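The structure appears below as structure tokens.
Not measured: the values here are computed from a predicted model.
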Amino acid sequence: IIKGLANGVANSDQNGAGLNLLNSSLQLINCAFFDNTSLKDGGAIYCENVLFTINSCSFTNNLANNGGAIYSYLASAKIIKSTFINNHASNEAGAVFADNEKLGPDGYYHYSSSDCYQNYFENNTASVSGGALVKKNGQTATFWVNNVFKNNNAPEGSSIVVINSI
């Protein structure tokens, strides 16, 4: 998916210039996302309340407010053997932002997990925090295994920032 633009009038139309996933499940294998721009969250992909796997995909030169490449909100995500190069967030998480907590209508907090295995993160930037990754509000275990981080940059946490999480 190349040069998607999420710039609609409604807030929901400003997320995920490549894919905007809500209440669903998806598996992406060998996909490429280049030069996508979102005015809000998830330059390439925005996902909310979904189950998804990303395997052997590439994310290059994507731009958003949070999650330059991917913004994951209450999504159970697995990101495997993918590359994230030159993505940017004007706020947090140059490559991937995972917010794993939501207060449900039942009055209880609901949690999800976001796991990353064998990925490559290079030259991703954020203007505030988390040059490559931000994980926020998770009470379930998160696994980040055998990932490579090279030349990512942000004023706080050049590669990874973890907030209120296990």
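Residues Ser127 and His88 meet the side-chain proximity criterion, which asks for heavy atoms closer than 4.5 Å. Looking at Glu122 and Phe149, their side chains never come closer than 4.5 Å, going by heavy atoms from C-beta outward. Using a 4.5 Å heavy-atom cutoff, the side chains of Asn123 and Thr125 are not in contact.
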Under 3.5 Å donor-acceptor pairs involving side-chain atoms of residues 31-39, not counting sequence neighbours:
unit_1 : atom_1 : unit_2 : atom_2 : d
Asn36  : OD1    : Gly4   : N      : 2.7
Asn36  : ND2    : Ile1   : O      : 3.2
Asn36  : ND2    : Phe34  : O      : 3.3
Asn36  : ND2    : Asn62  : OD1    : 3.0
Ser38  : OG     : Gln14  : O      : 2.4
Ser38  : OG     : Lys40  : N      : 3.2
Ser38  : OG     : Asp41  : N      : 3.4
Ser38  : OG     : Asp41  : O      : 3.3

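Rounded to the nearest 0.5 Å, atoms OG (Ser58) and CZ (Phe84) are 9.5 Å apart. Within the model, atoms CG of Asn146 and SG of Cys116 stand 12.0 Å from one another, a figure rounded to the nearest 0.5 Å. Atoms CG and OG, from Asn49 and Ser25 in turn, are 11.0 Å apart once rounded to the nearest 0.5 Å. Of the inter-residue distances, the one linking Cys47 atom SG with Ile70 atom CD1 reads 7.0 Å to the nearest 0.5 angstrom. Once rounded to the nearest 0.5 Å, the distance linking CG of Asn151 with CD1 of Ile85 reads 11.0 Å. Between the CG atom of Asn30 and the NZ atom of Lys81 there is a distance of 11.0 Å, given to the nearest 0.5 Å.
The two atoms that bring Asn87 and Gly68 nearest to each other are CB-C, 4.4 Å, heavy atoms only. Of all heavy-atom pairs spanning Val128 and Pro155, the tightest one is O-CD, 3.5 Å. What you find for Gly131 and Asn152 is that their closest heavy atoms are C-CB, 4.2 Å. Shown here for Gly42 and Tyr71, the closest heavy-atom pair between the two residues is N-CB, 3.5 Å. Shortest non-hydrogen contact noted between Ala126 and Gly94 is CB-N, 3.8 Å. The minimum heavy-atom distance linking Tyr117 with Asn147 is given by the pair C-OD1, 3.7 Å.
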* Could you please spell out the steps behind the side chain to side chain contact (heavy atoms under 4.5 Å, CB included) verdict for Phe52 and Leu28? => CA-CA 8 Å; Phe52 76 98; Leu28 298 172; 5.9 Å; no
Apply side chain to side chain contact (heavy atoms under 4.5 Å, CB included) to Ile79 and Asn55, showing your working. CA-CA 6 Å; Ile79 303 172; Asn55 191 339; over 6 Å; no
Query raised in the report: Please walk me through it: do Phe97 and Glu92 pass side chain to side chain contact (heavy atoms under 4.5 Å, CB included)?
Result: CA-CA 7 Å; Phe97 189 107; Glu92 295 183 302; 3.4 Å; yes
**Request:** Step by step, work out the side chain to side chain contact (heavy atoms under 4.5 Å, CB included) result for Phe121 and Leu133.
**Result:** CA-CA 9 Å; Phe121 297 87; Leu133 294 171; 3.9 Å; yes
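Taken together through direct or relayed side-chain contacts under 4.5 Å among Ile, Leu, Val, Met, Phe, Trp and Tyr, Leu19 and Leu63 form parts of separate hydrophobic clusters. Ile160 is connected to Phe59 through a chain of hydrophobic side-chain contacts under 4.5 Å among Ile, Leu, Val, Met, Phe, Trp and Tyr, so both are in one cluster. At a threshold of 4.5 Å between side-chain heavy atoms, the hydrophobic network of Ile, Leu, Val, Met, Phe, Trp and Tyr places Val50 and Leu26 in one connected group.
Inspection of the Asn65 and Ser90 side chains reveals an N or O donor paired with an N or O acceptor under 3.5 Å. Defined by atom type and a distance below 3.5 Å, a donor-acceptor pair is missing between the side-chain atoms of Thr53 and Gln27.
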